[in-house]
Amino acid sequence: MAPKKMALSKIEKKGAGFESLTKGKQPVVHSTFRLSREAHDAIRQLTDFLGIKNAELFERFLILFEGLKETKNPISLLEANSKTKGTRKTYIVKKETLSKLKKLAKAKNITRDLLAEKTILTFKNIFESALSDKKEQYRLALEKTVEPFLSEAHSIEGELANKLGSDDPIVKRIGHIIILTMNLSMAIENYIKNGTPIDPDDFSQQ
């Protein structure tokens, strides 16, 4: 069962004391993991969406594991005696992260790959849960605020055009606001449908 919904930032704060994993630039190594196809896909999807490299993602996996230990929903290790089945794939991982992963697996009496598998899939579940919540918040913002604002802006533009003329600079400036709001509306819809992040500085994004 997936842990209760919890903001990733709060989880990472709980595990931030895990021997200063995030401090300084660390050397990296190539390491092969035998993981399920779902776990390999999760790594690719998370790195793409978060815009980070595999080495940083594996570091976050460890922080997540430590952070969840302090909650009522720690990562379940009930399959401690089973072997991780799946496909072997090599990733670039920080040397210190890999060392800590091995030590943690040994302390939990499970294989390194099984620990990675369970943590990766838990990270994915929490991330998707948080993403789903955010999409719902964006849907409400679009429906309750952005679309009504856009409708009102169109009405104001029409009223001003009738009084001042369609070529008046005030009307034209209102028109620019409408275009920007329409782009924002489409960008929100694209985020809801496809998960495409909204760039706060790209006013042309749709």
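- The six-membered or imidazole ring of F58 lies near that of F33, with a centre-to-centre distance under 6.0 Å.
- With hydrogens and angles disregarded, a donor-acceptor distance shorter than 3.5 Å links the side chain of Q205 to the backbone of P197.
- No more than 12 heavy atoms of other residues, nucleotides or ligands lie within 6.0 Å of CZ in R173, so this atom counts as exposed by the packing criterion.
- The existence of a salt bridge linking E56 and K53 is excluded, since no basic side-chain nitrogen approaches an acidic carboxylate oxygen closer than 4.0 Å.
- A donor and an acceptor atom, one from each side chain of T111 and R34, are nowhere located under 3.5 Å apart.
- Side-chain contact annotation: N194 with T196, donor-acceptor N/O pair under 3.5 Å absent.
- H40 has its ring centre less than 6.0 Å from the ring centre of Y91.
- In this pair, F127 and F49 present their aromatic rings perpendicular. The plane angle is above 60°, beyond the 30 to 60° band.
- In terms of hydrophobic clustering, with Ile, Leu, Val, Met, Phe, Trp and Tyr side chains grouped at heavy-atom distances under 4.5 Å, I192 and L184 are assigned to a common cluster.
- A salt bridge links K100 with E96: the distance from a Lys NZ or Arg NE/NH1/NH2 to an Asp or Glu carboxylate oxygen falls below 4.0 Å.
- A distance-only check finds no donor-acceptor pair linking the side chain of N109 to the backbone of A105 [under 3.5 Å].
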Subject >> Verdict with reasoning, L98 to V29, per side chain to side chain contact (heavy atoms under 4.5 Å, CB included) >> reply: CA-CA 8 Å; L98 187 62; V29 294; 3.7 Å; yes

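- For the pair L164 and I170, the minimum side-chain heavy-atom distance is below 4.5 Å.
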